[in-house]
Amino acid sequence: MFNRVMLVAVICIPLLSLMGCGGGEQPQQASQPAAAPAAPAKAPEPPVEIYELTKDNVTSHKDWTSRNISILGAKLGDKTREVEKNFGTFENTRTLPEDYLTVYQGNGLFVYTYKLTGRARRFEVNEVFAKKIADDKLKRLLSTGDLKLMRELFGMEEGVTENTEDNATEYSYDSRGFRFVKFKVGGKTLNALRFMEMKRSAT
């Protein structure tokens, strides 16, 4: 009788151990958090209509921004190396803390390029370049520097900055990616339009 009890005990102990181990896995699996649902794919931005400064009547288009502008076929964000042939004869260059500045078109076109990416981040056209601009109103603004005309074309400026480093007064329309700038150069005033990259909306 004792031998039978021992035999049953010897057989049951390993079985109970196995059952105990197997049962412990279920709570562990249940305690793991469910995988988070995948974030929805970001919708691609709709294509932007481009207006060429030397061919199009830019101010006839409502609420245009620097994203809509091309200059001699080049847009902000383009790799400068790929579009610089459009700018004509290279005239001057300077290395700035973050950028390379290159000058074209008889000192009428300034191109600022990010050192790290080689992409154009800013264009400036001044009154020297005005004769190549197709829009008569923009041409007149650069030629005269008339602030009343500036406000008729763009609305009231968002701010005015005195830039002592460049000896310039900047009338900002930063929400649209551009500024009208008056530089003091050798006792004269040089008018310019500066087109800058706009921050992408976080959606």
Side-chain angles (χ1 to χ4, degrees), residues 50-78 80 83-84 86-94 96-114 120-199:
I50 301 298
Y51 313 125
E52 168 56 46
L53 204 61
T54 64
K55 294 178 181 175
D56 295 318
N57 188 8
V58 174
T59 57
S60 68
H61 301 280
K62 192 172 182 288
D63 298 330
W64 60 272
T65 72
S66 63
R67 286 185 192 153
N68 300 110
I69 300 297
S70 72
I71 300 172
L72 299 170
K75 303 180 301 302
L76 291 167
D78 284 349
T80 304
V83 294
E84 63 187 354
N86 301 357
F87 299 144
T89 306
F90 161 83
E91 291 163 0
N92 201 347
T93 186
R94 270 187 287 172
L96 305 175
E98 294 180 18
D99 308 301
Y100 297 117
L101 165 61
T102 45
V103 182
Y104 304 88
Q105 297 290 321
N107 290 322
L109 171 62
F110 289 64
V111 179
Y112 294 79
T113 302
Y114 284 116
R121 79 166 185 95
R122 189 167 101 189
F123 295 132
E124 274 178 19
V125 294
N126 60 44
E127 57 195 75
V128 175
F129 190 80
K131 60 184 177 291
K132 298 204 170 189
I133 293 176
D135 190 310
D136 287 333
K137 292 176 182 175
L138 289 182
K139 191 182 294 190
R140 187 154 47 97
L141 176 63
L142 284 174
S143 301
T144 65
D146 184 351
L147 295 180
K148 184 180 176 190
L149 175 61
M150 176 193 80
R151 291 173 184 129
E152 283 175 14
L153 294 177
F154 311 141
M156 197 65 186
E157 64 270 21
E158 295 161 11
V160 180
T161 305
E162 294 296 334
N163 186 333
T164 52
E165 189 177 332
D166 289 343
N167 201 18
T169 304
E170 303 178 7
Y171 299 85
S172 62
Y173 296 86
D174 290 358
S175 66
R176 294 173 62 187
F178 65 89
R179 290 185 175 195
F180 181 62
V181 186
K182 288 175 166 283
F183 293 96
K184 297 288 183 189
V185 182
K188 295 183 178 178
T189 301
L190 182 71
N191 305 307
L193 271 172
R194 176 182 297 160
F195 301 97
M196 308 166 292
E197 282 196 307
M198 294 172 65
K199 289 181 181 174

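Just the heavy atoms: all of them, side chains too, but no hydrogens, waters or symmetry mates, feed the values below. One is the number of the first residue; the rest follow in order along the sequence.
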### Query
Got a donor-acceptor contact below 3.5 angstrom from the Thr93 side chain to the Leu101 backbone?
yes
### Query
Could you give all pairs that pass the salt bridge (Lys or Arg N to Asp or Glu O under 4.0 Å) test and reach residues 180-191, with sequence neighbours left out?
none
### Query
Can a salt bridge be assigned to the pair Asp63 and Arg176 using a cut-off of 4.0 Å between side-chain N and carboxylate O?
no
### Task
Determine, stepwise, if the pair Phe183 / Asp166 fulfils side chain to side chain contact (heavy atoms under 4.5 Å, CB included).
CA-CA 7 Å; Phe183 293 96; Asp166 289 343; 4.0 Å; yes
### Thr161 side chain to Asn163 backbone, donor-acceptor under 3.5 Å
no
### Query
Within the distance-only criterion (no hydrogens, no angle test), does the side chain of Asn167 pair as donor or acceptor with the backbone N or O of Thr164 below 3.5 angstrom?
no
### Query
Between the side chains of Glu84 and Thr102, is a donor N or O closer than 3.5 angstrom to an acceptor N or O?
no
## Note on the structure
Gly108 and Val128 have their tightest heavy-atom pair at CA-CB, 3.9 Å
## Note on the structure
dist Phe110:CZ -> Glu91:CD (nearest 0.5 Å) comes out at 9.0 Å
### Message
Working to the nearest 0.5 angstrom, can you tell me the gap between Tyr112 OH and Glu197 CD?
### Response
14.5 Å
## Note on the structure
Given the options Phe195, Phe154, Trp64, Tyr173 meets ring pair (Phe, Tyr, Trp, His ring centres under 6.0 Å) only with Phe154
### Query
Counting N and O atoms only, with roles assigned by atom type, does the side chain of Asn126 sit under 3.5 Å from a partner on the main chain of Asn107, one being a donor and the other an acceptor?
yes
#### Entry: Member of Asp99, Thr80, Thr113 meeting the side chain to side chain donor-acceptor pair (under 3.5 Å) criterion with Arg121
Asp99
### Query
Is there a donor in the side chain of Ser70 and an acceptor in the side chain of Glu52, or the other way round, less than 3.5 Å apart?
yes
### Query
Salt bridge or not for Arg194 and Glu170, using N-O below 4.0 Å?
yes
### Step-by-step side chain to side chain contact (heavy atoms under 4.5 Å, CB included) determination, Asn68 to Ile50
CA-CA 4 Å; Asn68 300 110; Ile50 301 298; 5.5 Å; no
### Task
List the steps and the verdict of side chain to side chain contact (heavy atoms under 4.5 Å, CB included) for Leu53 and Val125.
CA-CA 10 Å; Leu53 204 61; Val125 294; 4.1 Å; yes
### Task
Kindly compute the distance separating CD (Gln105) from CZ (Phe90), expressed to the nearest 0.5 Å.
13.5 Å
#### Entry: Residues, nucleotides or ligands: over 12 heavy atoms within 6.0 Å of Glu98 CD
no
### Message
Does Arg94 have more than 12 heavy atoms from other residues, nucleotides or ligands lying within 6.0 Å of its CZ?
### Response
no
### Query
So, do Asn191 and Leu141 sit near enough that their side-chain heavy atoms are less than 4.5 Å apart?
no
### Task
Using a 4.5 Å cut-off on heavy atoms from C-beta on, say whether the side chain of Lys139 contacts that of Lys131.
no
#### Entry: Pairwise distance CE(Met198) to CG(Leu76) - rounded to 0.5 angstrom
10.5 Å
### Query
Using the ring of each side chain (for Trp, its six-membered ring), is Phe87 parallel, tilted or perpendicular to Tyr104, with breaks at 30° and 60°?
tilted
### Message
Any non-hydrogen side-chain atom of Ile69 less than 4.5 Å from a side-chain atom of Lys75?
### Response
no
### Message
Strictly distance-based, threshold 3.5 Å: is any side-chain N or O of Thr65 a donor or acceptor partner for the main-chain N or O of Arg67?
### Response
yes
### Message
Taking the side chain as everything from C-beta on, heavy atoms only, tell me whether Asp135 gets closer than 4.5 Å to Asp56.
### Response
no
### Query
About how many Å separate CG of Leu193 and CD1 of Ile133, when rounded to the nearest 0.5 Å?
6.5 Å
### Task
Output all residues satisfying salt bridge (charged side-chain N to carboxylate O under 4.0 Å, His left out) with Glu127, sequence neighbours left out; order by chain, then residue number.
none
#### Entry: Val111 backbone acceptor or donor facing Glu124 side chain under 3.5 Å
no
### Task
Test salt bridge (Lys or Arg N to Asp or Glu O under 4.0 Å) on Arg179 and Asp174 and set out the steps.
CA-CA 7 Å; Arg179 290 185 175 195; Asp174 290 358; 2.7 Å; yes
### Task
Ignoring hydrogens and angles, tell me if any N or O in the side chain of Glu157 forms a donor-acceptor pair with the backbone of Tyr171 under 3.5 Å.
no
### Query
Can you check whether Ser66 reaches Met196 side chain to side chain, under 4.5 Å on heavy atoms?
no
### Task
For the pair Thr54 (side chain) and Leu72 (backbone), establish whether a donor and an acceptor sit closer than 3.5 Å, ignoring hydrogens and angles.
no
## Note on the structure
In terms of heavy-atom contacts, Leu142 and Ala130 come closest through CB-CB, 4.1 Å
